[in-house]
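The block underneath contains the structure these notes are about, expressed in C-alpha cells.
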Number of protein chains: 2
Amino acid sequence: MNTKNHSYQCPVEAAFDCIGGRWKALIVWHIGYSVARYSDIKANLPKVTPHMLSLQLKSLEEDGLIVRTQYEEIPPRVEYCLTQAGMDLLPILDTLCDWAILYYPEHIPADFIKRTPGKPGCGTVCTSDATNSS
Amino acid sequence: MNTKNHSYQCPVEAAFDCIGGRWKALIVWHIGYSVARYSDIKANLPKVTPHMLSLQLKSLEEDGLIVRTQYEEIPPRVEYCLTQAGMDLLPILDTLCDWAILYYPEHIPADFIKRTPGKPGCGTVCTSDATNSS
DNA sequence: CGGAATCCTCGAGGATACTG
DNA sequence: CAGTATCCTCGAGGATTCCG
C-alpha cells in the first residue's frame, strides 16, 4: 500500500494491499485490542524474523493500522497498539477465522476449534484497555 | 493452501492462504453470486495473464471455493461459479471493501465510493443470472 | 474460446550478524 | 530489548508462444 502504486480497480485490492502478505494480518490479529511489545508479537509469530517483523510493523504504521509508542528507557521498550482502522479490522479477521474454521477445520490447530467463535484473541494478547494516542 | 504445508498457527493464516495473493480474492469477488466465464473474469481483471488466471482458478477450485463447469462445445465454454464456501466469503470481502472505502477513499476508484455499501458486485458481473455470452 | 507449456523476472520474504 | 544492515533465496507472478 504505502510503497506501491495505488492504482486499484477494486476496494478489495486496496484492502489486500494493506493486510495481505504473510504477516500483516497476523500481526494485527495478534495485537488485537491490547497493547503488544515487539517481543510479544515475535513470541506469537515464531517464524517471523526480526527483519520481517520490523518491516511489516513499519508498513502497518505507515498505513495507519497501528501506532508505535517508544519509551526512552534502558532497556528500550516499544509498544504497538491498533488504531481505529486496525481495530475495525479485527471483527473482519474474526469472521474470516470463523470461515476458515468452518471450511478447513482439519488445517486449524485444535485449540482454535473449541474456542468460542466470534471472539478475537488469537494468541496470548488480552482484551484489556488500549489507550492509543492517535 | 492446496499445495502448501498446512501448518497454520492461526485460522487467519489458513484463510489468507486460500484467498491471499494478488488475484484470488479478486476472482472470488468478481464471480460473486453469478456465473462467470473465463473471458468474463479476464475482462474484469485486465492485468491478469491467462497463465495466472488459469493457475488461480485451479487453486480456488482445489480449495473448494469455486466450481468449474466445462461445456464440450465448439467454441469451448467454461463457466465458473462459487461454492457455498466461496459465497460465504462474499460478505466478508464486502465488509473489507467498506473498510477500505472508509479508511482509504483516496485510493479507491470514485465509482465505488458512491455505491451503496454492503452490496457485492465489484465489476461488471451482475447479481441476476449471467447467461451473457459477451 | 479457454486454456497449456515454457521460460524468465523480480521483489517479498529470509538468514545471519551486529548495535544503540 | 528492539531493532538495523547485508546479503541471499525462491517462488509467486509474468511474457510469450502454442494447442484442442
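Since the structure is predicted, the reported quantities are computational estimates derived from the model, not experimental observations. So you know, we letter chains A, B, ... as the sequences are listed, proteins then strands, and number each from 1.
Taking the six-membered ring for Trp and thresholds of 30 and 60 degrees, B/Tyr8 and A/His107 have ring planes more than 60 degrees apart, a perpendicular arrangement.
Summarising the geometry, the separation between CG on B/Leu53 and P on D/dG14 is reported as 11 Å, rounded to the nearest angstrom. A/Ile74 has its CD1 atom 12 Å from the P atom of D/dA2, to the nearest Å. One atom, CG of B/Leu60, and another, P of C/dG3, lie 13 Å apart when rounded to the nearest Å. A straight line from CD1 of B/Ile27 to C1' of C/dG2 spans 14 Å, rounded to a whole angstrom. The separation between A/Gln70 atom CD and D/dA2 atom P is 10 Å, rounded to whole Å. Nucleotide C/dG3 holds its P atom 12 Å from the CG atom of B/Asp40, rounded to whole Å. Summarising the geometry, the separation between OH on A/Tyr80 and P on D/dC1 is reported as 15 Å, rounded to the nearest angstrom. Atom CZ of B/Phe16 and atom P of C/dG13 are 12 Å apart (whole Å).
For A/Met52, the side-chain atoms get nearest to C/dG13 when compared with the rest of C/dA15, C/dG13, C/dG3. Of the candidate nucleotides D/dG3, C/dG3, D/dT4, D/dT4 has the atom lying nearest to any side-chain atom of A/Lys58. Of the candidates D/dA2, C/dG13, D/dG13, the closest approach to any side-chain atom of A/Gln56 belongs to C/dG13. Looking at the side chain of A/Pro76, the nearest of the listed nucleotides C/dG3, D/dG13, D/dA2 is D/dA2. With C/dG2, C/dG13, D/dG14 as the candidates, the nucleotide lying closest to the side chain of A/Trp23 is C/dG13.
At a threshold of 4.0 angstrom between heavy atoms, the contacts of A/Tyr71 with the nucleic acid are absent. No contact: A/Glu79 has no heavy atom under 4.0 Å from any strand.
In terms of phosphate contacts, A/Arg22 brings a side-chain nitrogen or oxygen within less than 4.0 Å of OP1 or OP2 of C/dG14. The side chain of A/Ser39 contributes an N or O atom lying less than 4.0 Å from OP1 or OP2 of D/dA2. Distances shorter than 4.0 Å separate none of the side-chain N or O atoms of B/Arg77 from OP1 or OP2 on C/dG2.
In terms of position on DNA chain D, the residue among A/Pro50 and A/Pro75 whose nearest nucleotide sits closer to the 5' end is A/Pro75. Mapped onto DNA chain D by nearest heavy atom, A/Tyr38 and B/Thr49 fall at different nucleotides, with A/Tyr38 at the one closer to the 5' end.
A distance of 8.0 Å separates CD1 of B/Ile92 from CG of A/Asp98, quoted to the nearest 0.5 Å. Interatomic distance, NE2 of B/His51 versus CD of B/Gln56, reported as 9.0 Å (0.5 Å rounding).
Among A/Glu79, A/Arg37, A/Arg77, the one residue that satisfies the side chain to side chain donor-acceptor pair (under 3.5 Å) test with A/Tyr71 is A/Glu79.
A donor and an acceptor atom never sit less than 3.5 Å apart when one is taken from the side chain of B/His51 and the other from the base of D/dT17.
At a cut-off of 3.5 Å, with distance as the only test, no side-chain donor of B/Asp17 or A/Tyr104 sits close to an acceptor on the other residue.
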Chi angles and distances behind the side chain to side chain contact (heavy atoms under 4.5 Å, CB included) call for A/His30, A/Trp23: CA-CA 10 Å; A/His30 278 296; A/Trp23 300 116; over 6 Å; no
